[in-house]
Structures are given as structure tokens and as C-alpha cells.
Enquirer: 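This is the structure I want to talk about, given as C-alpha cells.
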2 protein chains.
Amino acid sequence: MAPERTKSAGSPRTRTEKVHHALRSAIIDQRLAPGSRLPEDAIGESFGTSRTIAREALGRLAVEGLVDLIPNRGAFVANPSLEDGRGIFTVRRALERAMVLDLVGKIDVTIAARLRDMVAREAALAARNDAEAIRLAGEFHLTLAQLTGNPLLLRYVTETVSRCSLVLAMYGRPHSADCGAREHSAIVEALIAGDAEGAAALMDQHLAEVASRALLSSRVEKDIREVLAAYAKDIDIG
Amino acid sequence: MAPERTKSAGSPRTRTEKVHHALRSAIIDQRLAPGSRLPEDAIGESFGTSRTIAREALGRLAVEGLVDLIPNRGAFVANPSLEDGRGIFTVRRALERAMVLDLVGKIDVTIAARLRDMVAREAALAARNDAEAIRLAGEFHLTLAQLTGNPLLLRYVTETVSRCSLVLAMYGRPHSADCGAREHSAIVEALIAGDAEGAAALMDQHLAEVASRALLSSRVEKDIREVLAAYAKDIDIG
DNA sequence: AATCGCAATATTGCATGCAAAGAAAAAGCA
DNA sequence: TGCTTTTTCTTTGCATGCAATATTGCGATT
């Protein structure tokens with residue numbers, strides 16, 4: 001009656017899952033710009049499947065909030081506003097605070113060494129600011145989430161980290177290192193020391209800084225109407 | 001190029017969405033027990049649609065974590081373990097804490113009245129403990145999430161509330177009112193008074209109590225194998 | 001008599017096809 | 001020329017059908 005214990009098989013087995021994951025990666029990696037149309041036909045053709053598969057994948061991405069689905073009109077890559085961006089960071093801060101609090105006390109010597117090693121590797125790449133460095137910085141947060149052993153927390157942190165990258169890509173300053181290795185190091189040390197409140201505060205401050213770096217100014221206007229409104233109000237149509 | 005600003009149309013328009021929402025309600029209302037099989041045929045027939053629709057709805061519910069999808073085997077109502085349950089509550093507490101903190105200061109007289117009215121209606125149904133009362137209690141949390149104006153927070157709170165219902169269905173005591181109207185009232189009053197830390201503490205305590213009520217004892221074994229293992233060890237097969 | 005293997009059955013995975021809703025383009029009117 | 005209306009065309013929404021995979025029941029074998 002009950003299914004076997006297998007939770008979420010490692011590699012995607014059905015075509016729908018494959019396309020689902022591929023599309024998600026494409027969106028997160030900014031290969032598909034926010035607002036882009038996602039026609040079922042084109043997707044199916046790209047992956048060598050029928051529209052049915054593309055359609056199912058789009059529906060699932062819509063549940064994840066990465067795609068906007070408009071009935072009878074089609075699917076579009078989500079296009080978070082600046083305000084949405086702030087909201088995403090709010091959620092992320094709450095989640096990672098809980099994550100850090102949960103982690104205190106679960107850190108043994110093995111894990112401690114692993115974390116220190118990871119931070120050291122980050123520091124080594126700190127000078128560069130390419131995709132690799134950015135990916136590594138994000139992975140720090142994902143690793144911590146994984147260490148909690150809480151599947152839902154891991155999923156949500158993964159999602160929020162992804163979406164924060166998206167937001168940073170849209171509104172962040174081009175050449176800012178989004179995560180400082182030094183800040184990560186401080187968090188790790190607080191965790192190892194068992195200082196719950198300290199670690200939580202450091203993480204909170206860390207994310208607050210990342211957010212403020214990005215979200216202070218709206219570098220890109222999100223909607224055409226927002227852009228044009230500024231011009232329209234100076235024009236007398238009559 | 002970009003789609004119009006319309007986010008998530010109010011009422012579901014496509015059949016897929018309708019079935020999706022209906023199935024979710026059925027699961028949350030505990031009309032479909034955790035672990036139950038969800039055959040595409042039966043669902044399609046129930047709603048008067050084809051399997052295609054049922055299939056899409058199941059895929060979306062799987063993303064939400066309410067359904068387990070096993071390739072070539074079928075769909076099952078999610079069957080969270082006790083540990084999963086704890087993890088879900090951990091996440092929910094973190095989210096709702098952030099929610100309450102965000103809400104303080106956003107409460108004007110109109111909203112205050114609306115919240116008080118909602119709590120009053122809850123109190124009126126407090127005696128009963130049927131599906132309607134349960135639904136209303138959950139809606140309190142969803143309403144608060146909606147008031148933040150944070151779409152991601154709303155989505156995550158919605159998901160965690162849903163999954164907590166599932167967990168309570170599995171492990172909670174049968175006749176416990178899961179959310180006390182009095183506790184909700186206290187939270188609302190703290191919010192209206194602008195007492196951020198107080199409101200956060202009340203919410204945290206509220207959810208901690210709900211969790212502890214449910215998760216102290218494992219009333220139901222999750223997996224058939226877990227159940228049978230206890231019997232098997234007393235039996236000599238030979 | 002219990003176990004193994006095989007066939008029959010049920011259910012999922014996926015593609016195709018048709019109808020309808022929207023968008024774009026062309027024609028008609030002021 | 002500019003605006004409305006109608007027509008065409010693209011794209012989505014959904015059902016059906018076929019192939020593939022897992023499960024169940026039955027019979028053969030040891």
C-alpha cells in the first residue's frame with residue numbers, strides 16, 4: 001500500500017523530470033532572461049520531445065515560482081521586481097538563521113575540518129569574481145543546509161539561493177563579490193565554537209549586507225511601463 | 001515582451017489548475033490518507049477529465065511535496081516520517097516568525113478589524129473539530145502571510161501549513177484542536193499593539209505547542225516494513 | 001509444499017491530433 | 001491617414017491511443 005522508502009530518486013528518470021531540471025538550470029544560470037517567452041513547441045523541439053513534456057515541466061516550474069503561467073497565453077520566465085527581490089532576501093534570511101541555529105551542536109571535528117577547508121578554497125578564489133567563484137560562494141550556504149539533515153530546509157534554501165542569484169543578476173552591481181569569504185569564515189568559527197546566537201547574528205548580518213549591496217538602487221527597470229511612465233508624464237499627448 | 005503584471009489569477013481557470021487545487025484540498029482535509037495510491041485513471045474519472053489533467057496535477061503536487069511520484073509506479077499521498085515532520089515544523093516556525101516580524105507596523109485599523117473578525121469566527125467554531133474548523137485555523141496563518149505582500153513568503157507558508165496538516169493527520173492526536181483561537185487572538189493583539197518581539201514569541205510558542213502536541217509520540221508507523229519488523233522478529237519463519 | 005519462472009493484466013510514459021482562445025495582420029470605414 | 005472590424009494564423013488546452021514497465025496470478029519444477 002505505501003510506496004517504498006525511496007525519496008526523490010537521485011537522477012531524473014522520466015523525460016518530464018529531465019526537461020524540468022534542464023529548464024530550471026537554464027533559468028537559474030540566466031541563460032533564459034527574465035520575462036522571456038517559453039513556447040511549448042520550442043521547448044519540445046529543443047529537447048527532442050513532444051509538447052506534452054514541455055507543458056508538464058512548465059507547470060511544475062510555475063509551482064516553484066520560476067515561471068509565470070498565464071492561461072491561454074503561455075509561459076514566461078519569472079521576472080521578479082525589486083520588491084520581490086527584497087521579499088526573497090527576507091525569506092532567505094529567516095531560513096538561514098534557522099539553519100544556523102539548528103546546526104550549532106551538530107558540528108563534529110570532521111565537519112569542522114570540511115567547513116574550514118571549504119572556506120579556505122573560497123578565500124583562494126576571492127580575488128577572481130567569475131562564475132566559478134560565485135558558484136562556490138553559493139555552495140557554502142547549500143552545504144550548511146545539507147548538514148542540517150532537514151530535506152525541506154535544504155530545498156527552500158536551495159531555491160532562495162537560486163532566486164537571490166537571479167535577483168542579483170538583475171539588480172546587483174556588476175562587479176561585487178556577493179559573498180565574502182571572511183564573513184563565511186566568521187560564521188564557521190562561531191558554529192564550531194557553539195555560539196548559536198553569534199552565528200545566527202553573523203549570518204543575518206552577512207545576508208543583510210549582500211542584500212543591501214544589491215537592492216539599494218534599481219539598476220534595471222523591470223517593466224516597460226515603469227520605464228515609459230517617467231517619459232510619458234512629461235509629454236502632452238494632445 | 002514581458003507579460004502583464006497579473007500574478008497568479010485569483011480563481012483557477014484551466015482544468016489542470018482546478019484538479020490541482022481540488023486534490024490539494026482533499027489531501028489537506030485528510031480525505032486522502034497519507035500513503036494512498038492516486039491512480040491517474042481514477043482521478044480523471046472523478047473529475048470528468050482525461051488522465052492528462054490528473055497527471056499534470058499530480059506532478060505539480062509532487063513539487064509541493066504533498067505527493068510522492070515514483071516513476072512507472074504511480075503517485076501516492078506523501079507519507080512524511082516523524083523526522084520529516086519535525087523538520088517541516090522547524091521551517092514553518094522560522095518562516096512564521098519572519099512573517100510576524102514583517103507584519104508589525106503594517107497593521108492599520110481596517111486590517112486590525114479584519115483579523116479580529118477572523119479570530120472571532122474561529123472561536124465560534126472552536127467547539128467543533130471538523131474539517132471546516134481545521135481549514136479555518138490554517139487560513140489564519142495564510143491570511144497573515146498574504147498581508148505581508150511577500151509572494152515567496154506566502155508560497156512557503158502555504159506549503160508548510162499544508163504539509164503540517166499532513167503531519168498532524170499522521171501523528172497528531174485525533175481530537176486535538178490544532179490551533180487554538182485564543183492563541184491566535186493573542187498574536188493578533190500583539191501585532192496591533194506593534195509589539196514585534198512579543199508577537200514573534202507568541203507565534204513561535206504557538207507553533208512549538210502545535211508541534212509538540214503532535215510529534216511527541218509516534219502514533220502511526222509510517223512504513224509497512226517498520227510495522228512488520230516488530231512482528232517479524234518474534235516469528236520463526238522456519 | 002514451497003519457490004521460481006512466465007504469462008496476463010493493469011497502469012504509467014509519452015506522442016499525436018483536434019478544437020478553442022488570443023494575437024497578428026489585413027481589409028473596411030470614417 | 002487613423003481607427004475599427006474581420007479574417008487568418010499561431011499557440012495553448014485537452015483527449016485519445018499506443019508502447020513500455022511494473023504487478024499479479026498461475027502453473028511448472030524441485
Side-chain angles (χ1 to χ4, degrees), chain A residues 1-6 8-9 11-23 32 35-63 67-78 224-225 235 237-238, chain B residues 1-6 8-23 32 35-63 67-78 223-225 232 235-238:
Chain A
M1 171 200 171
E4 67 224 26
R5 210 85 203 79
T6 320
S8 66
S11 55
R13 298 210 59 77
T14 69
R15 296 184 201 201
T16 298
E17 281 174 86
K18 287 179 193 168
V19 173
H20 178 192
H21 288 294
L23 278 178
L32 294 169
S36 310
R37 271 209 84 200
L38 297 170
E40 298 174 358
D41 269 333
I43 294 169
E45 206 167 328
S46 301
F47 290 102
T49 73
S50 77
R51 280 199 308 124
T52 307
I53 306 301
R55 184 181 178 73
E56 273 187 56
L58 289 171
R60 298 186 188 187
L61 288 167
V63 174
V67 157
D68 287 339
L69 224 49
I70 302 177
N72 286 317
R73 291 246 339 211
F76 303 82
V77 178
I224 285 182
R225 266 169 278 193
I235 294 176
I237 296 292
Chain B
M1 171 198 171
E4 66 226 28
R5 214 78 210 82
T6 318
S8 68
S11 55
R13 298 213 60 77
T14 69
R15 297 185 199 198
T16 299
E17 282 174 84
K18 287 179 193 167
V19 173
H20 178 192
H21 287 295
L23 277 178
L32 295 169
S36 310
R37 272 211 83 204
L38 297 170
E40 297 175 359
D41 268 333
I43 294 168
E45 205 168 329
S46 301
F47 290 102
T49 74
S50 78
R51 280 199 309 125
T52 307
I53 305 301
R55 185 180 179 71
E56 274 188 53
L58 289 171
R60 297 185 189 188
L61 289 167
V63 174
V67 158
D68 286 340
L69 225 48
I70 302 176
N72 285 318
R73 293 248 337 220
F76 303 82
V77 178
D223 191 19
I224 283 182
R225 266 170 277 194
I235 294 176
D236 186 4
I237 296 293

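Not measured: the values here are computed from a predicted model. Residue numbers begin at 1 in each chain, while the letters A, B, ... track the order of the sequences. The figures here come from the full heavy-atom set of this structure, side chains too, leaving out hydrogens, waters and symmetry mates.
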Enquirer: Do you know the tightest heavy-atom contact between A:Asp68 and A:Ala78?
Expert: OD2-CA, 4.2 Å
Enquirer: Counting just side-chain N and O atoms, does B:Arg73 come under 4.0 Å of either OP1 or OP2 of D:dT23?
Expert: yes
Enquirer: Rounding to an integer number of Å, can you tell me how far A:Phe47 CZ sits from C:dA15 C1'?
Expert: 17 Å
Enquirer: Could you state the atom-to-atom distance from CZ of B:Arg15 to P of C:dA19 in whole Å?
Expert: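 One finds 14 Å between P of C:dA19 and CZ of B:Arg15, rounded.
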Enquirer: Map B:Gly74 and A:Gly48 onto DNA chain C by nearest heavy atom, then report which one ends up closer to the 5' terminus.
Expert: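 The residue closer to the strand's 5' end, by nearest nucleotide, is B:Gly74.
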Enquirer: Can you give one letter per nucleotide of nucleotides 16-21 of chain D, going 5' to 3': B for a protein heavy atom under 4.0 Å from the base, S for sugar-phosphate only, - for none?
Expert: BB---S
Enquirer: Rounded to the nearest angstrom, tell me the gap between atom CD1 in A:Ile70 and atom C1' in D:dT11.
Expert: 14 Å
Enquirer: Take atom CG of A:Leu38 and atom P of D:dT10, then tell me their distance rounded to the nearest Å.
Expert: 20 Å
Enquirer: Whole angstrom is fine here: how far is it from CZ in A:Phe76 over to C1' in D:dT11?
Expert: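 A:Phe76 atom CZ is separated from D:dT11 atom C1' by 11 Å.
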Enquirer: Atom CG in A:Leu38, atom CG in A:Leu32: separation rounded to 0.5 Å?
Expert: 6.0 Å
Enquirer: Work out which heavy atom in B:Arg60 is nearest to a heavy atom in A:Val63; give both atom names and the distance.
Expert: CB-CG2, 3.6 Å
Enquirer: Does D:dT12 have OP1 or OP2 under 4.0 Å away from a side-chain N or O of B:Thr14?
Expert: no
Enquirer: Can you see which heavy atom on B:Gly59 is nearest to which on B:Leu69, and at what distance?
Expert: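 Closest heavy-atom pair between B:Gly59 and B:Leu69: CA-CD2, 3.9 Å.
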Enquirer: Atom NE2 of B:His20 to atom P of D:dC14: distance rounded to whole Å?
Expert: 14 Å
Enquirer: Which heavy-atom pair separates A:Arg37 from A:Gly74 by the least distance, and what is that distance?
Expert: NH2-CA, 4.2 Å
Enquirer: What's the shortest heavy-atom distance between B:Ala54 and B:Gly44, and which atoms?
Expert: CB-N, 3.9 Å
Enquirer: Nearest whole angstrom, please: distance from the P of D:dA15 to the CG of B:Asp41.
Expert: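 It works out to 13 Å between those atoms.
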Enquirer: Looking at A:Arg37, does any N or O in its side chain come under 4.0 Å of the phosphate oxygens OP1/OP2 on D:dT12?
Expert: yes
Enquirer: Specify the separation, in whole Å, of atom CG of B:Leu58 and atom P of C:dG13.
Expert: 10 Å
Enquirer: Out of the candidates A:Glu45, A:Glu56, A:Glu40, only one should pair with A:Arg51 under the salt bridge (charged side-chain N to carboxylate O under 4.0 Å, His left out) rule; please name it.
Expert: A:Glu40
